[in-house]
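Single-structure report; data block below.
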Amino acid sequence: MTKKLQSIRGIHDGLPSEVAKWRKIEDVARRVFSSHAVSEVRLPILEPTELFVRSVGEETDIVSKEMYAFKDQGSGNICLRPEGTAGAVRAYLQAGLTRSGIQRWFYMGPMFRRERPQKGRLRQFQQIGTEWIGVSGPVADAEILAMAQHFLDALDIQMVRLEINSLGCAACRPAYRDALITHLNACSEHLCKTCHERIENNPMRVLDCKNESCQAQSADAPEMLAHLCSDCDTHFSNLKESLNALDVPYKVNPRIVRGLDYYNRTAFEFITEQLGAQGTVLAGGRYDGLVESLGGPATTCIGFAAGMERLAMLMPDIKTQTVDVVAIALGDLALPYSLKIAEQLRREGLSVVHAGGGASKRQFKLADREGARFVAIIGSNEVEHGLISLKNLATGEQTSCSIKQGIALLKIS
RNA sequence: GUGGACGUAGCUCAAUUGGUAGAGCCACGGCUUGUGAUGCCGGUGGUUGAGGGUUCGAGUCCCUUCGUCCACCCCA
């Protein structure tokens, strides 16, 4: 018995209706991003496993249990990239761009995480992201958020809100972390089991635990925003001012945390309620320490990524390939001529399907099913006089004219 | 990884206490070579997700497995 072949769990096919949306996302991204002088890069899907261990963090879920990692035929440990930022920074360093000024990049393509599949959460999913390498001031943070907002607006995605926070920096986060751990230890008997582990690994995660008891305990927990050093505090205040100047609406949410190790200072998320538990549509933040930790000079950076499948779910359906004209041959003698006409129309940029001759009724029916706007009727009459008969399928209106006139008619309607 | 719901034709769904697997829609072919959407006729379509078990008999009950969906978790 032959086993039914199917795609790997959590890995979906991009069929025409979905791809139509991806293409729109890509087109809009190219347009909007280029207005901020951001250039496209195409980066490898396979990377050394070590890259993500060192950047995303060995203790994170992404690296510790979700990576598709394996040994290749040589001796190297390689993996399917689980995110885009680390690879971008690796490429930046490898190309020797550290003395070439600010780099503004964007990329799109598949990422891989071996999670339990859910709606809006796939094992292979597409991300579109941007990385601004070498930008430091809060103005850049505000502008990248304005670009994200512009991007979502241009996709006509509504009902999304922006939340921002500051995660502090190497100067102020350790002291805050200690204060938080002290607070959590004092009330640890009221925390859930996973939060007990979080106190050790990533205490800030307790702040966004959904357990009621944990939320009650963390309600009066110290917040990062109150413990920012003066540099971080100024950065955050200036960011908010710039966002106001740019008319980008936002809400400060002191509970936003990051699972990836490389983030610091500004963190942000565009969130919707329409996607259930997977409500984060676009997210990112600063990662001022990453370049240095991968062996480069201290370089301040900010970026974001959006899940294309999640964006697509928020977009209305888009028409897939449309047919402008179906060419119909009436009688065997008209067939060669009709093929020629069809080809001629295609060279004029029209989308043309030939109905293949035969019974006229069958051909018209085919034209209707193809969703064609026009039918080009070619019979002995047309062949003889060098004409083309065009019927508008929506109105039923039909005219006979020269081929030149016909092309003009098809192009304007 | 944990918990829960659900898998019957391409799609939406039927099938009495366990007793012959059906309908609608879609798609396809034809209605004898100049007019479709909106007519008429016709045939195809399923090892009931897969595998085992109980039974005279399983779509229905039990076990395993795969998949989808939901929540946790995580994140885009």
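Heavy-atom basis, side chains included; hydrogens, waters and symmetry copies ignored. For clarity, every value in this text was computed on a predicted model and none was experimentally measured. So that the names make sense, note that chain A is the first sequence line, chain B the second, and so on, each numbered from 1.
A/T60 comes within 4.0 angstrom of no nucleic acid atom, judged by non-hydrogen atoms across all strands. Contact annotation for A/G276: backbone-only contact, meaning every heavy-atom pair under 4.0 Å involves sugar-phosphate atoms and none involves a base. If you check every strand for non-hydrogen atoms under 4.0 Å, A/R121 touches a base. Here A/A277 lies in heavy-atom contact (under 4.0 Å) with a base. A/K65 comes within 4.0 angstrom of no nucleic acid atom, judged by non-hydrogen atoms across all strands. Within 4.0 Å of A/L330, counting heavy atoms only, lies at least one base atom of the nucleic acid. Across all strands, A/Q278 comes closer than 4.0 Å to base atoms (heavy-atom distances). Among the heavy atoms of the strands lying under 4.0 Å from A/L122 is at least one base atom, whether or not backbone atoms are also near. Counting any heavy atom pair closer than 4.0 Å across all strands shown, A/G120 reaches a base atom. A/G279 comes within 4.0 angstrom of nothing in the nucleic acid, heavy atoms only.
When base pairs are accepted only as Watson-Crick or G-U wobble with both N-N or N-O distances under 3.5 Å, RNA chain B takes part in stems of 3 or more pairs at B:1-7 with B:66-72, B:10-13 with B:22-25, B:28-31 with B:39-42, B:49-53 with B:61-65.
Counting only heavy atoms from C-beta on, A/R362 has its side chain closest to B/rG30 among B/rC69, B/rG30, B/rG1. When the nucleotides B/rA71, B/rG36, B/rC69 are ranked by their closest atom to the side chain of A/L393, B/rG36 comes out on top. Relative to the side chain of A/D368, the nucleotides B/rU35, B/rA37, B/rC74 differ in distance, and B/rA37 lies closest. Side-chain proximity of A/I377 to the nucleotides B/rU35, B/rC69, B/rG30 is greatest for B/rU35.
For A/E197 and B/rC73, the CD to P distance is 13 Å, given to the nearest whole Å. B/rC69 atom C1' lies 9 Å from atom CD of A/Q118, rounded to whole Å. Nucleotide B/rA76 holds its P atom 8 Å from the CZ atom of A/R310, rounded to whole Å. Between A/M308 atom CE and B/rA76 atom C1' there is a gap of 12 Å when expressed in whole angstrom units. In this entry the distance linking CG of A/L275 with C1' of B/rC74 reads 15 Å, nearest Å. For the pair A/L282 CG and B/rA76 P, the computed distance is 10 Å after rounding to whole Å. Going from atom CZ of A/R258 over to atom C1' of B/rA76 covers 10 Å, rounded to whole Å. Remark: C1' of B/rC74 and CZ of A/F125 are 11 Å apart, rounded to the nearest angstrom.
A/D13 contributes no side-chain N or O that, together with a main-chain N or O of A/L15, makes up a donor-acceptor pair within less than 3.5 Å. In terms of modelled atom types and a separation under 3.5 Å, the side chain of A/D368 and the main chain of A/F364 share no donor-acceptor contact.
A donor and an acceptor atom, one from each side chain of A/D153 and A/Q149, are located under 3.5 Å apart. There is no side-chain donor-acceptor pair under 3.5 Å between A/E163 and A/N165. Using modelled atom types and a 3.5 Å distance limit, the side chains of A/N264 and A/D288 yield a donor-acceptor pair. Counting only N and O atoms by type, the side chains of A/Q405 and A/S402 include a donor and acceptor under 3.5 Å apart. When only modelled atom types and interatomic distance are considered, A/E131 and A/Y287 share a side-chain donor-acceptor pair under 3.5 Å.
Nucleotides B/rG29 and B/rA37 are separated by 15 Å at their P atoms, to the nearest Å. As rounded to the nearest Å, B/rC70 and B/rG36 have C1' atoms that lie 45 Å from one another. To the nearest whole angstrom, the two P atoms, one in B/rC66 and one in B/rG10, are 24 Å apart. Between B/rU8 and B/rU38, the distance separating the two C1' atoms is 33 Å to the nearest Å. A gap of 8 Å separates the C1' atoms of B/rU54 and B/rC61, to the nearest Å. Remark: the separation of the C1' atoms in B/rA23 and B/rU64 is 34 Å, to the nearest Å. Comparing the same atom, P, in B/rG1 and in B/rG57 gives a spacing of 38 Å after rounding to whole Å. A gap of 26 Å separates the C1' atoms of B/rC63 and B/rA71, to the nearest Å.
Of the two residues near RNA chain B, A/A305 and A/A394, the one whose nearest nucleotide lies more 5' is A/A394. Mapping A/Q398 and A/Y263 onto RNA chain B by nearest heavy atom places A/Q398 at the nucleotide closer to the 5' end.
At a cut-off of 3.5 angstrom, counting only N and O atoms as typed in the model, there is no donor on one side facing an acceptor on the other between the side-chain of A/R9 and the base of B/rU68. In the interface, the side chain of A/R116 is paired with the base of B/rG3 through a donor and an acceptor atom under 3.5 Å apart. For A/E382 against B/rG34, a side-chain-to-base donor-acceptor contact under 3.5 Å is present.
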Could you pull out all donor-acceptor pairs under 3.5 Å where a side-chain atom in residues 139-146 of chain A meets a protein atom, sequence neighbours excluded?
residue : atom : partner : partner atom : Å
A/D141  : OD1  : A/R286  : NE           : 3.1
A/D141  : OD1  : A/R286  : NH2          : 2.7
A/D141  : OD2  : A/H235  : NE2          : 2.8
A/D141  : OD2  : A/T266  : OG1          : 2.6
A/D141  : OD2  : A/R286  : NE           : 3.1

Scan the side chains in residues 324-337 of chain A for donor-acceptor partners under 3.5 Å anywhere in the protein, sequence neighbours excluded, and list what turns up.
residue : atom : partner : partner atom : Å
A/D324  : OD1  : A/R373  : NH1          : 2.7
A/D324  : OD2  : A/S351  : N            : 2.8

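Atoms CG and CZ, on A/L275 and A/R310 in that order, are 7.0 Å from each other to the nearest 0.5 Å.
Partners of A/E18 by salt bridge (Lys or Arg N to Asp or Glu O under 4.0 Å), not counting sequence neighbours: none found. For the salt bridge (Lys or Arg N to Asp or Glu O under 4.0 Å) test, residues two or more places apart in sequence or in another chain that qualify with A/E273 are A/R161.
Salt bridge annotation for A/E115-A/R123: absent, with no cationic side-chain nitrogen under 4.0 angstrom from a carboxylate oxygen.
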Contacts under 3.5 Å, N or O only, protein and nucleotides 38-43 of chain B:
residue : atom : partner : partner atom : Å
B/rG39  : O6   : A/K365  : NZ           : 2.9

